[in-house]
Amino acid sequence: MDITLIFSALLTLTAGIGIFLVACQMMSANLESASSNKLKNLFSKASKNNLIGVGIGTVGTAAIQSSGAITVMTIGMVNAGIISLTQAATIIYGANIGTTVTAQIVALGMFGGAGTITLAVIFSALAGVGAFISIFAKKELWKRLGGILTGFGMLFVGLEMMSGSMADFAAMDSVKLFLANITNPMVVVLVGVLLTAIIQSSSVMTSIALAMVVSGLVSIDQGIFLTMGSNIGSCVVALVAGLTSGQNAKRTALIHLFFNVTGVLIFLCVEALIWLLTGATYGSIFTQLFPHAPQTQLAMFHTFFNVVTVLVFLPLTPLLIRVVCKIVPESKDPVDPNAPHLYYIDQNMLKTPPVALQQTKAEILNMADIAMENFNRSLKIISTMNFKDVDKFNQMEVELNFLNVEIVDFVVHLAETSQLSRKDHVYLSTTFRSVRDLERIGDYAENIVEYAESLRSLQQTFSDDALEEIANLRNYINNLYVEVKNAYILEDTAALERANVIEEHIDEITKQMEDNHIVRLSKGVCSADVGAQYLSLSSNAERVADHLINVGKSIRSYYEL
């Protein structure tokens, strides 16, 4: 046995795996960025329809070439309460189908024989084309396209290196004899599980299996069992993400594990039955279906395996949900339903930045709703002098302070990723100010409640005219919020202009309120103490309008990018 040849082949294999992994990451990052808006819209359509969930998982994974990213992002959405366990299960089903696209692309690149230019060589050349585009392009979209082409080309550079190392191993009789003796399907499946868990990429493991089959190092049946094992090994990333999160996240990770493990066991049992009855195996069946194309045989089995497993599990999803809920039961520790919490974002979503950005926007809008709800609650308290909602007010104020800290922390981590477009990064830079503006609205609402408590201690109230002016001001500020929200969500400059007009009118209204107060004070309609609270309320409400308009104006930084 030539030790030098073995060592050289191992080094080449390691280099090929490294290039392949980097290529996958590069493609994923640039595909996510280039398709960020479509990806955001895709995941916003998750519904109770199971087929839609499967479609979302399939298309999302095929789009960014990473089932791990989709699965971890799904765990994050479940943990944040955005989607149900059933919806998460169907998205994971689809992700398993979507990941087969990589194997089909790799198999396609392996066509071409001796004396001809293989597709793998042609595809590899795209790495150079993409690099030139990335270096010389001025527009970000072209730079992203260059990154996608570079990653795609490098995918086949890595594949060629892995295939070359497999050919070297195939030339060694001792290595072929050793592998030929590993015929137990369970052993081969376990090898696939372990290697995928180490590499943390089922796409790489499947590509290695393809190279091994094409080079003749292993049989098509062994390649099939390695591919089955890669499906189970791919669960490691999801398990790590799930075990460090909440109960539903743990359940989602278990769904992923049970889905893949059960699918493999079913296929192993079915093959054993087929072999007992006919003497055929999956390898012999797919060899007959796709003769003289071992790469296609394995890639097609990979797709067939995942599609059939999804079809089997779709009607069994409610049963699977019940099983994982029994394994991970509800916590016996009482959970305070009023405890501050995030509504739309979760650290696991950072694995898929475009979706994380969409959810960040949703979280900020939710914070805005809470801030405005508390502002209106404060005006109701001071207008009616009914303090029954004070506890709820205080609870929401704590929530606002919590969201202020947590959203900023999430955005800091999200901004460190490179998978976002320039426009997305500019948007993230505006969120720090927007979150602060919304937190300040909560503070001004808190001031108004304190004014109400001062009036209660003085056993006084505002006059009917003052209450009417407060109601009018409240209506204008709520109308302002509607326009600001439209501008923020739709990046609508027309809505922002309407908001500016309303904000200017609010300035005039608060100035008129001050003038009217002086008249009432001179007529003895209200006391100086009551007047002081009224003027402070007017000033605070006007500042609330200022902070709202600041949130709306943030779109000017990025809407034209």
Side-chain angles (χ1 to χ4, degrees), residues 1-29 65-69 99 102-103 105-107 109-110 118 120-121 123-128 130-131 147 150-180 182 187-219 222-223 225-237 240 294-295 298-299 302:
M1 182 183 293
D2 192 336
I3 300 299
T4 303
L5 185 59
I6 291 176
F7 188 63
S8 175
L10 285 172
L11 289 177
T12 304
L13 175 62
T14 304
I17 291 173
I19 293 172
F20 198 97
L21 282 169
V22 170
C24 287
Q25 291 175 353
M26 183 177 292
M27 279 186 65
S28 178
Q65 290 291 290
S66 176
S67 62
T99 196
T102 304
I105 292 172
V106 169
M110 288 181 167
T118 65
V121 173
F123 290 156
S124 296
L126 293 175
T150 303
F152 186 77
M154 287 175 61
L155 205 70
F156 289 93
V157 172
L159 178 64
E160 283 285 279
M161 295 185 73
M162 288 190 288
S163 298
S165 69
M166 294 306 164
D168 291 338
F169 282 127
M172 304 176 198
D173 292 336
S174 56
V175 175
K176 290 182 70 175
L177 183 62
F178 171 75
L179 291 174
I182 306 176
V187 173
V188 182
V189 168
L190 286 174
V191 171
V193 172
L194 291 174
L195 290 177
T196 307
I198 293 170
I199 300 170
Q200 292 199 6
S201 173
S202 61
S203 295
V204 174
M205 187 61 234
T206 304
S207 299
I208 292 174
L210 282 164
M212 294 174 78
V213 169
V214 171
S215 67
L217 191 57
V218 298
S219 67
Q222 287 174 306
F225 297 138
L226 284 172
T227 302
M228 286 186 185
S230 73
N231 271 47
I232 299 175
S234 67
C235 299
V236 172
V237 175
V240 171
Q295 63 270 50
L298 184 53
H302 190 213

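Quick caveat: nothing in here was measured; it's all calculated off a predicted structure. Every heavy atom of this structure was used, including side-chain atoms; hydrogens, water molecules and symmetry mates were not.
Ser230 OG to Leu194 CG: the interatomic distance, rounded to the nearest 0.5 Å, is 12.5 Å. Between atom CG of residue Leu217 and atom CD1 of residue Ile208 there is a gap of 11.5 Å, rounded to the nearest 0.5 Å. Between the CE atom of Met154 and the CE atom of Met161 there is a distance of 11.0 Å, given to the nearest 0.5 Å. The CG atom of Asn231 sits 8.5 Å away from the OG1 atom of Thr196 when rounded to the nearest 0.5 Å.
Here the closest heavy-atom approach between residue Gly223 and residue Ala209 is recorded as O-CB, 4.2 Å. What you find for Ser124 and Val157 is that their closest heavy atoms are OG-N, 3.5 Å. Minimum interatomic distance between Ala299 and Ala107 (heavy atoms only, all atoms of both residues): CB-CB, 3.7 Å. Summarising the geometry of Gly192 relative to Met205, their closest heavy-atom pair is O-CG, 4.2 Å, with the distance given to 0.1 Å.
Looking at heavy atoms from C-beta onward, Val191 lies in side-chain contact with Leu226 at the 4.5 angstrom threshold. Looking at heavy atoms from C-beta onward, Gln295 lies out of side-chain contact with Val106 at the 4.5 angstrom threshold.
One N or O on the side chain of Thr150 and one on the backbone of Ala131 form a donor-acceptor pair closer than 3.5 Å.
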- request: Go through the steps to decide whether Thr227 and Leu298 satisfy the test side-chain contact (heavy atoms from CB on, under 4.5 Å), and finish with yes or no.
  value: CA-CA 8 Å; Thr227 302; Leu298 184 53; 3.4 Å; yes
